[in-house]
There are 2 protein chains.
Amino acid sequence: MTRRPVVAVLEGARPVRGLERVAGLADVRIAQAPDLDRALDGAEVLFLWDYFSGALPAAWHAAGSLRWLHVAAAGVDRLLFPELVASDVVVTNAHGIFDQPMAEYVLGGMLHTAKGFGPLRDRQNEGVWAWREGRNIAGTRALVVGTGSIGRHTARLLRAVGVRVEGVGRTARGDDDAFGRVHASTDLERIVGDVDWLVLVAPLTPATEHLVDARVIDALPPTAVLVNAGRGRLVDEDALVRRLTAGTLAGAVLDTFAVEPLPGDHPLWSLPSVLVTPHMASNADSWLDDLAAQFERNFLLWAAGEPLPGVVDKALGYVPSRPVP
Amino acid sequence: MTRRPVVAVLEGARPVRGLERVAGLADVRIAQAPDLDRALDGAEVLFLWDYFSGALPAAWHAAGSLRWLHVAAAGVDRLLFPELVASDVVVTNAHGIFDQPMAEYVLGGMLHTAKGFGPLRDRQNEGVWAWREGRNIAGTRALVVGTGSIGRHTARLLRAVGVRVEGVGRTARGDDDAFGRVHASTDLERIVGDVDWLVLVAPLTPATEHLVDARVIDALPPTAVLVNAGRGRLVDEDALVRRLTAGTLAGAVLDTFAVEPLPGDHPLWSLPSVLVTPHMASNADSWLDDLAAQFERNFLLWAAGEPLPGVVDKALGYVPSRPVP
């Protein structure tokens, strides 16, 4: 009889659930940040249920047995520290789990802005009946930055309601089944001049930090709306605030920020044309159960020696949507 | 040379526009409410650009030449007074113009509620970062009450984003191309027990007033949300307020009310689970130009003796989506 593998789970504030089948095949050690190193000692597998925790670097000295790390998140920007990247540890993420809620958040944020629901909600809270026209989103043009699983699902949902969508990714291509045309992200400044919606669902990597810089922001037409459900640091927030405050940009729907929680004195809170949401775009319905079930499925594959889905390219910083040449 | 027809236009506060081709074929008399009778004297056609005006009954004595009345609205409940109904005057409405904005309003209202954007906007205005989960709308169940042009368009849009839709109309049927199944409105109380969204886009008629009465309201599950973009008097507002205030109904998105503007002291203003909008669901983008262009198209048909589209059945109180047996 072979030794049972050891699976460390970093739990955090939200109790982990639904790992019964893992526990049937492995010794599961549920840990909090201060005892993560003890849990890691001899563990082959680490499940980061507390997906935003920064505890791993300090416990890395105990991770000598680690072969596979699964994180219950899509973005791995807070996770990929140099020793992990340099190691042979396979990293997988919650690939696919967030596609539907993220796509619906983007569509909902677009409709929220198009129909003026933010200002109308403000008038409601004042008890004021102030008629105003809305806009239709059918026929408008969206650029979706990020061509992974979430971006593709978002593009398909927007197309289903009549929005004209193109994609922005690492490399330009013309035959994409979700986007039709994909532009290279290096062309962003040149191509945003006639968009209605600039939608960010890209991962944060050294290559995408401030991808939407002041030049891109300034190239947006006054009627455009920025929707950021990716990462705050994709955007030069100061440049965004400058145009929004000047009233030369129609609005923004923001779920992610350079600093989270968004500081209480940040100007984004009080701009009526902005909807600020607290990094919740990916969280809907059974997401916690789905995250646990996904790890369990992956663990059964791992235990059987099968290939894992959702493997992060640690050099790129995300799960490539197709093999990198 | 034949006499040019006379077209009276009730203008109201918003200037009428784009009737150049009508003016080329007819004598166009632009009137305000006090001089509507003078404009009607000898007029064969009346265009109610001021679509909510109640001025016509008082001027009806001068409408002896009137053959056709076109109103720049979908609902004709405020228009159909007994003398008009009893007359031979053909009534047409703005059939089709509002399909897209209304459908998008309904979808936007559903996503607004599902993602919690109302409460999140309130927290934003307090500068408070308060994470909360959303819901997905894909896979949820909507009943769309109203099987006319707007209802059918709404059903198709909701289906495109994965909502399971059925219709509610005058008569039950099983083979509808937009709804699949259509239930009879008399069955409403019995069938709402498992809906997520009860969507009202029906016309207000003697048959639909308080169609959603206290019994229907009370049959809704606690997780349900009412979306009313039809008319306020479709709903027993007191029964709705009672359940919302008790917290036993998830929410409501309301664009129409029994009394409009909604009175300043009405409890609907201050329920956080409700989005109150000021009867604007149908108003988006080029709607005013579209309304004028539609009348112009119809006038050219009328002048050529061709059948008119969007003819209201004055006994039913709306444009039937298919011939009434």
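In the text below, chain A, chain B and the rest are named by the order of the sequence lines, each starting its count at 1. In this text the structure is predicted, and so the values were computed from the model without any measurement.
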### Task
Kindly compute the distance separating CG (A/Leu244) from CD1 (A/Ile217), expressed to the nearest 0.5 Å.
8.0 Å

### Side chain, backbone, both or neither of A/Pro272 within contact of chain B (heavy atoms, under 4.5 Å)
both

### Query
Among A/Gly109, A/Pro101, A/Ser286, A/Pro278, which has the most heavy-atom pairs under 4.5 Å with chain B?
A/Pro278

### Task
Give a yes or no on whether the backbone of A/Ala142 and the side-chain of A/Asp196 come within a donor-acceptor separation of less than 3.5 Å.
no

### Six-ring centre of A/Trp269, B/Arg121 cation under 6.0 angstrom, axis tolerance 45°
no

### Task
Return the option, out of B/Gln100, B/Glu104, B/Arg132, with the maximum number of heavy-atom pairs under 4.5 Å with chain A.
B/Glu104

#### Entry: chain A contact residues among residues 71-79 of chain B, heavy-atom distance under 4.5 Å
none

### Query
Can you say whether A/Leu268 sits under 4.5 Å from chain B via the side chain, the backbone, both, or neither, judging by heavy atoms?
backbone

### Message
I'd like to verify something: which residue of B/Phe117, B/Trp129, B/Tyr105 has the highest number of heavy-atom pairs under 4.5 Å with chain A?
### Response
B/Trp129

### Query
B/Arg233 side chain to B/Leu204 main-chain N or O, any donor-acceptor pair under 3.5 Å?
no

### Query
Using non-hydrogen atoms only, which part of A/Arg156 is less than 4.5 Å away from chain B: side chain, backbone, both, or neither?
neither

### Parallel, tilted or perpendicular, as decided by the 30° and 60° cut-offs, for the rings of B/Phe295 and B/Phe47
parallel

### Query
Of all heavy-atom pairs between B/Ala155 and B/Ala178, which one has the smallest distance, and what is that distance?
CB-O, 3.8 Å

### Query
Most heavy-atom pairs under 4.5 angstrom with chain B, which of A/Ser282, A/Gly134, A/Ala130?
A/Gly134

### Message
A/Gln124: which residues meet the side chain to side chain donor-acceptor pair (under 3.5 Å) condition with it, sequence neighbours left out?
### Response
none

## Note on the structure
In terms of heavy-atom pairs under 4.5 Å with chain A, the winner among B/Arg123, B/Glu260, B/Met110 is B/Glu260

### Query
Can you tell which of A/Ala138, A/Gly264, A/Ala103 has the highest number of heavy-atom pairs within less than 4.5 Å of chain B?
A/Ala138

#### Entry: Set of residues satisfying side-chain contact (heavy atoms from CB on, under 4.5 Å) with respect to B/Arg14, sequence neighbours excluded
A/Trp131, B/Trp49, B/Tyr51, B/Trp287, B/Leu288

### Message
Heavy-atom pairs under 4.5 Å with chain B - which of A/Gly108, A/Pro261, A/Ser270, A/Ala114 has more of them than the others?
### Response
A/Pro261

### Residue, of B/Ala160, B/Gly127, B/Pro263, that accumulates the most heavy atom pairs under 4.5 Å with chain A
B/Gly127

### Message
Run the side-chain hydrogen bond (donor to acceptor under 3.5 Å, both in side chains) test on A/Asn125 and B/Asp122 for me, step by step, so that the C-alpha distance in whole Å, both residues' side-chain angles and the decisive distance to 0.1 Å come before the verdict.
### Response
CA-CA 8 Å; A/Asn125 287 332; B/Asp122 299 344; 2.8 Å; yes

#### Entry: Donor-acceptor contact present, side-chain B/Arg243 to main-chain B/Thr248, <3.5 Å
yes

Validation: residues 249-256 of chain B side-chain donor-acceptor distances under 3.5 Å, sequence neighbours left out:
unit_1	atom_1	unit_2	atom_2	d
B/Asp255	OD1	B/Thr277	OG1	2.6
B/Asp255	OD1	B/His279	N	3.0
B/Asp255	OD1	B/Met280	N	2.8
B/Asp255	OD2	B/Met280	N	3.1
B/Asp255	OD2	B/Ala281	N	2.9
B/Thr256	OG1	B/Asn228	OD1	3.4
B/Thr256	OG1	B/Arg231	N	3.4
B/Thr256	OG1	B/Gly232	N	3.2

